[in-house]
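Whatever order the structure lists ligands and atoms in, that order sets their numbers, starting from 1.
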Amino acid sequence: MASTADPRATELVSLSPVDSRPVAAFPVDDEDTVRRKVVRAREAASWWRTIGYDGRRTRLLEWRRVMALRLPEVLDLLQRENGKVRADAVIEMTAALTHVGWSARNARRVLSRRRVASGLLMLNHLATVEYRPYGVIGVIGPWNYPVHTPIGSIAYALAAGNAVVFKPSEYTPAIGRWLVDTFDEAVPGRSVFQLTTGDGTTGAALCASGVDKIAFTGSGATGARVLAACAPSLTPVLLELGGKDALVVAADADIPAAVEAALWGGCSNAGQSCAGIERVYVADPVYEEFLTLLAQRAGEVQGGTDFGPITMPGQLDVIRRHIEDALARGGRAVVGGPESVVPPYMTGPVILADVPEESAAVREETFGPVLVVNRVADAAEGAERANASDYGLGAAVFARRGAGELADRMNAGMVSINDVLSFPAVPALPFGGRGRSGFGRIHGADGLREFTVPTARTRKLFDVPLAASTYARGARDMARLERIITWMYSR
Ligand code: NAD
């Protein structure tokens, strides 16, 4: 948590959501400071590029080694500055370290120059494509996964050959500092990966600083501001925004497994996951069984023990509003209710049933351990309702027969079958959404390419007796080309 109420403040202090005590103080970097860092990053980028894929791979794997050796420090910080319980912190670091390794090991294979088919009409040319780094990437991060989320941009951008200037959330600057410090230990004396701290003003300064691309993760409202700020300079933007992910449970699903998945998918990290489960649509024949078992299991999960406090105090008001609105519109609280909101915690999960689809708890991102469980006639109707959302980040389906077809119906960037939130842990898979969940991809080969400029090249190997694209051509050349394309494309 941070105190930056004064817009002219030159310092921000991050406060622990656990006890509101200060964790660390950081400068609020102004425009000049941010620009200077970007200039330094540009110089560093040319060295980083010259060491090639192998040089970067070695250094990124060394960074991962340093982070693994210093793991207890960051786990403590994730607990203290972000409020996670230890288990959530361990899960976050497991995924983050996996991605650093995958990006380092796969950059050469995915990005280096490769031959593509030239096609019959250009068979006298050798055609190749390579993916060149942009130069300097500005990464703006959120607080909810202050390591895993920005690493999805930082590690992939670095592996692709870019330098990075990283602005962590004002709620988690000390965790951002730790990331840059561990990198400095692995790659000393260079400014390939730098930190800039501050609130939204510093983020806006990074957008206008001359970086070659912005990778933004955060809320849709801020994402729109970032897009607007980058428009005048035509700076490309990657937007990883919010979600309202749904789980669809078919009548033949393994109900105990679906219940466990719904509960963990909705409550881990205190429900503060962009791709956390917030809505569950259960087929009528198994609805009562699902709800009864979910209520029983949710009653055994406790805030403060199984998940930590809500990191941003203001979010508790949003959570309370969503619960109250759902009840006012005729929904039922099966477990917990407005009384579960006891700052800084949610005392436990809140399970709401039969909530009208126009309710805020169905339409807007709640970002707390609250699950809406609604009855549908069958899984097909569940998919239809799941898709009737402005968001389209992730989704999950539980079914025995026809699970693949059900997954095909989901309008989301990522789908888990018979599990939840599996996709971010598979480094080769792209991560990102559609609609109001943003565009562009982190992770996997697409995530590496996201931080590059695809660069095409042709090399003429020999002359052919058909000089169509020179003024040395004759009428017979063009007539021959006419006959060739008619023959090729009319069959
Ligand atoms: P936020 O939008 O409030 O802030 C995100 C970052 O943007 C912070 O670093 C903030 O300082 C900065 N910022 C604020 N104003 C800015 C401006 N005008 N210009 C540039 N930067 C500015 O989001 P948050 O509360 O930190 O994060 C929670 C949100 O992030 C949720 O909506 C969540 O779903 C989303 N999220 C998405 C993903 C994903 O991969 N899709 C991952 C994690 C979180």
Side-chain angles (χ1 to χ4, degrees), residues 1-2 4 7 12 14 17 26 28-29 31 34 81-82 92 95-96 99 138-153 156 165-173 175-176 195-209 211 214-231 235 237-245 269-278 310-315 318 364-368 390-394 412-414 421 423-424 429-443 447 450:
M1 176 158 79
T4 52
L12 71 89
S14 75
F26 290 89
V28 175
D29 286 348
E31 275 181 31
V34 174
E81 192 177 53
N82 182 267
E92 171 161 7
H99 281 286
V139 175
I140 301 174
W143 49 264
N144 63 330
Y145 287 89
V147 176
H148 174 63
T149 291
I151 281 279
S153 294
Y156 288 76
V165 178
F166 170 42
K167 195 205 86 66
S169 165
E170 54 272 42
Y171 290 85
T172 52
I175 296 166
L195 183 75
T196 183
T197 51
D199 54 13
T201 58
T202 308
L206 189 55
C207 295
S209 64
V211 291
I214 286 284
F216 171 81
T217 310
S219 63
T222 312
R225 263 178 241 132
V226 165
L227 200 54
C230 290
T235 304
V237 177
L238 157 73
L239 293 181
E240 293 289 353
L241 309 176
K244 189 73 193 173
D245 289 12
N269 210 38
Q272 305 168 114
S273 303
C274 52
I277 299 297
E278 298 207 352
I310 297 302
T311 309
M312 281 197 309
Q315 193 63 26
V318 175
E364 301 168 22
E365 195 176 34
T366 306
F367 235 49
D390 295 337
Y391 293 104
L393 191 55
M414 306 158 295
L421 282 165
F423 35 79
L429 282 176
F431 185 97
R434 52 194 290 174
R436 294 198 72 81
S437 295
F439 46 79
R441 290 294 180 267
I442 55 172
H443 302 172
E450 188 74 42

Go through ligand 1 atom by atom and flag the ones less than 4.0 Å from a non-hydrogen atom of [X].
X      : result
Cys274 : 33 (C), 34 (O), 36 (N), 37 (C), 38 (C), 39 (C), 40 (O), 41 (N), 42 (C), 43 (C), 44 (C)
Ile140 : 6 (C), 7 (O), 9 (O), 12 (C), 20 (C), 21 (N)
Val226 : 19 (N), 20 (C)
Ser169 : 9 (O)
Gly203 : 19 (N), 20 (C), 21 (N)
Lys167 : 9 (O), 10 (C), 11 (O)
Thr217 : 5 (C), 36 (N), 37 (C), 38 (C), 39 (C), 40 (O), 42 (C), 43 (C), 44 (C)
Glu365 : 31 (C), 32 (O), 33 (C), 34 (O)

Protein contact to [atom] [nearest heavy atom, distance to 0.1 Å]:
atom                    : value
atom 10 (C) of ligand 1 : Glu170 OE1, 3.4 Å
atom 27 (O) of ligand 1 : Pro142 CB, 3.3 Å
atom 35 (C) of ligand 1 : Gly218 O, 3.3 Å
atom 26 (O) of ligand 1 : Trp143 CD1, 3.0 Å
atom 13 (N) of ligand 1 : Thr222 CG2, 3.5 Å
atom 17 (C) of ligand 1 : Gly200 O, 3.6 Å
atom 6 (C) of ligand 1  : Gly141 O, 3.3 Å
atom 41 (N) of ligand 1 : Leu241 O, 2.7 Å

Taking non-hydrogen atoms only, is [X] closer than 4.0 angstrom to ligand 1 via side chain, backbone, both or neither?
X      : value
Asp199 : backbone
Phe431 : side chain
Pro168 : backbone
Asn144 : side chain
Phe216 : side chain

For the backbone of [Y] and the side chain of [X], can you confirm whether one donor and one acceptor N or O come within less than 3.5 Å of each other?
X      : Y      : value
Asn269 : Gly271 : no
Glu240 : Gly218 : no
Ser14  : Pro173 : no
Asp245 : Ile277 : no

Review point. How many angstroms lie between atom CG of Leu241 and atom OG of Ser437, to the nearest 0.5 angstrom?
Key: 7.0 Å

**Study point:** Point-to-point distance, once rounded to the nearest 0.5 Å, from OH of Tyr156 to NE2 of His443
**Key:** 5.5 Å

Point to revise | 4.0 Å heavy-atom contact, Gly438 with ligand 1 | key: no

Note, [X] side chain near [Y] side chain (heavy atom, < 4.5 Å):
X      : Y      : value
Phe216 : Thr222 : yes
Pro168 : Val139 : no
Thr202 : Thr197 : no
Leu238 : Ser153 : yes

Practice item. Identify which of Gly314, Ala204, Ser219, Cys207 has a heavy atom lying nearest to atom 2 (O) of ligand 1. Key: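 Closest candidate by heavy-atom distance is Ser219.
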
Practice item. In plain terms, say whether Arg441 and Glu450 are close enough for a salt bridge, that is, a side-chain N and a carboxylate O under 4.0 Å apart. Key: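 Salt bridge between Arg441 and Glu450, a charged N being under 4.0 Å from a carboxylate O: no.
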
Review point. Does any donor atom in the side chain of Thr366 or Lys244 lie under 3.5 Å from an acceptor atom in the other side chain?
Key: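 Note: Thr366 and Lys244 side chains meet the donor-acceptor criterion.
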
Exercise for review: Would you kindly say whether Asn82 and Thr172 are connected by a side-chain donor-acceptor distance under 3.5 Å?
Suggested key: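 Side chains of Asn82 and Thr172: no pair found under 3.5 Å.
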
Which donor-acceptor pairs under 3.5 Å do side chains of residues 143-151 form with protein atoms, sequence neighbours excluded?
{"unit_1": "Asn144", "atom_1": "ND2", "unit_2": "Gln272", "atom_2": "O", "d": "3.1"}
{"unit_1": "Tyr145", "atom_1": "OH", "unit_2": "Ser273", "atom_2": "OG", "d": "2.6"}

